[in-house]
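To start, the structure itself, in structure tokens.
Numbering of ligands and ligand atoms starts at 1, following listing order. Quick note: residue numbers are just sequence positions, from 1.
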Amino acid sequence: MPKTIIEPFRIKSVEPIRWTTRAQREQLLAAAHYNMFLLPADDVLIDLLTDSGTGAMSTHQWAAIMEGDESYAGSRSFERFRRSVQDIFGYKHVIPTHQGRAAERILFGIACRKGMVVPNNTHFDTTRANVEFTGAEAVDLLTAEGRQPALAHPFKGNMDVTALEALIERVGREQVPLVMLTVTNNSGGGQPVAMENVRAVSAVCRRHGIPLYFDACRFAENAWFIRLREPGYEHKTPKEIAQEMFSYGDGCTMSAKKDGMANIGGFLCTNDDKLAQQEKDLLILTEGYPTYGGLAGRDLEAIAVGVQEALEEDYLRYRIASTAYLGNHIAAAGVPIVQPPGGHAIYLDARAFLPHIPVEQFPGVALAAELYLEGGVRSVEIGTLMFAGAAQMDLVRLAIPRRVYTQSHVDYLVEVILEVWKNRERIRGLRLTHEAPFLRHFTAHLEPVGGVVARPAGNTA
Ligand code: F0G
């Protein structure tokens, strides 16, 4: 059998992408104030801003969309959605929401109060914000391995179980309404959580009578890493692995824009009857009736098919291999990345890439700007612009949309990154010229320190 891992699909509908010249990109970047969020998507050649809602749907999903039942209550599409989600996740109540953060707001809005503490391996920013909005405290308890970017370890998304025990001891069981595990750990480099760690966290939760919830966005990618890296799982299907993982918990929040393979949608699951009733009451107030939760019937159909497709072995083999291919090729040339390559993204370590740019001059933003100038590639800074003084690292995330780009797109990315790496000493820092009072990375304006750098003559492509 040939060794090459190929895209396990052929293309039926294509969407053109647009080339720009270097001179145009210089103008476009200046007009966007060096902020990737302010660039028009049409002026981006390869868009790695996020893997959320940017995936390509399959023929089966498009066919299911035509079967969408748009009845307000009790629609057939909801029944299909509920059955498909329950088949994998196994929880008693399945509540649709318009995306992941809506599920978070409803869950934390009911479970959390001021003075409480929610532990997680690492909270994603909307998860943290939704916990904090209730007055509760969001605490990250990532293992020590997960906090060292260059260290290779199979499960850098694991929670520190000893720290969890100590936290519960310190604040008291009544102050911990639930424990969360984010699979895979997006803010920590897209790194997986081991089944052994899920079992250990679950055992602590059971002993104290605290419910365990999953932030399940990338559950299928996490299942594949368990199969590749954890003894005893090499012959299990990704679905069996996902089912076992969810069996150790009491519910989940989910953004179907990731491993739901849909462009919009999410859900909230729980085994708790009383909580489910409260959640549905709140859902009706802000999202919609519990059989659609802010989604169209056709969206529910796309998710029902998508969560199953995300677990297909050929797909996961290609998905994880393709992300690793990008990471391994640039790392082999010396480019500093978070090791090992994650499931949905490669994270460049901008402080190591650009040691001559001080942290106050946003090395991550400078690197993202240069990737755009060099090859029309859009990425996102996760560092000092996003988290200000709280940033422990300055990373540039290259998130890979699902089933969208081909091998030659990835080869092109490798070339662009290596060209930027070669010329890294010429890259300059940036300074802020405008910032909003919160979530400033979305709207910030910046400019190069010491003015725009001139490009050597003769390189106009
Ligand atoms: N949890 C995790 C781990 C996430 O990565 C996201 C979204 C959410 C929750 C919220 O879901 O967007 O549907 O409301 N992450 C996207 C990203 C936005 O780019 O990483 P949502």
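- Atoms of ligand 1 lying under 4.0 Å from at least one heavy atom of K257, given by number and element, are 13 (O).
- The single protein non-hydrogen atom nearest to atom 5 (O) of ligand 1 is N186 ND2, 2.8 Å, given as residue, atom name and distance.
- The nearest protein atom to atom 18 (C) of ligand 1, hydrogens excluded, is given as F124 CZ, 3.9 Å; this is a heavy-atom distance.
- Those atoms of ligand 1 with a heavy atom of G100 less than 4.0 angstrom away are 11 (O), 13 (O), 14 (O), 21 (P).
- Every atom of ligand 1 is numbered from 1 in the order shown, and the set under 4.0 Å from a heavy atom of C217 is 1 (N), 2 (C), 3 (C), 4 (C), 9 (C).
- A salt bridge between R206 and D250 is present, with a side-chain N of the basic residue lying under 4.0 Å from a carboxylate O of the acidic one.
- Q99 NE2, 3.4 Å is the protein heavy atom nearest to atom 21 (P) of ligand 1.
- Between D140 and R128 there is a salt bridge, since a side-chain N of the basic residue sits under 4.0 Å from a carboxylate O of the acidic one.
- Residue T182 approaches ligand 1 through these ligand atoms, each under 4.0 Å from one of its heavy atoms: 3 (C).
- Sorted by first and then second residue, the pairs that involve residues 244-270 and meet ring pair (Phe, Tyr, Trp, His ring centres under 6.0 Å), not counting sequence neighbours, are F81-F267, F89-F246, F89-F267, F214-F246, F219-F246.
- Considering only non-hydrogen protein atoms, atom 7 (C) of ligand 1 sits nearest to K258 NZ, 2.5 Å.
- When hydrogens are left out, the protein atom nearest atom 10 (C) of ligand 1 is T126 OG1, 3.5 Å; that is the closest non-hydrogen contact.
- Between K258 and E221 there is no salt bridge, since no side-chain N of the basic residue sits under 4.0 Å from a carboxylate O of the acidic one.
- At a 4.0 Å heavy-atom cut-off, ligand 1 touches R397 through the side chain alone.
- In this structure the side chain of R440 reaches within 4.5 angstrom of the side chain of L432, judged on heavy atoms.
- Ionic pairing of D69 and R298 is not present here: no N-O contact between side-chain nitrogen and carboxylate oxygen is shorter than 4.0 angstrom.
- Scanning the protein heavy atoms around atom 14 (O) of ligand 1, the nearest turns out to be R101 NE, 2.7 Å.
- Residues S247 and Y91 are not in side-chain contact: their nearest non-hydrogen atoms beyond the backbone lie 4.5 Å or more apart.
- Close approach of ligand 1 to T50 (heavy-atom distance below 4.0 Å) involves ligand atoms 17 (C), 19 (O).
- Here the side chains of T143 and M159 are not in contact, with every heavy-atom distance at 4.5 Å or above.
- Among protein heavy atoms, the minimum distance from atom 1 (N) of ligand 1 is reached at D215 OD2, 2.7 Å.
- Among residue pairs with one or both ends in residues 298-330, those qualifying as ring pair (Phe, Tyr, Trp, His ring centres under 6.0 Å) are F9-Y318, Y325-H329; sequence neighbours excluded.
- Nearest protein neighbour of atom 9 (C) of ligand 1, counting heavy atoms only, is E104 OE2, 3.1 Å.
- Side-chain atoms of K156 do not come within 3.5 Å of backbone N or O of G190 as any donor-acceptor pair.
- Ligand 1 has R218 within reach: a non-hydrogen atom of the residue lies less than 4.0 Å from it.
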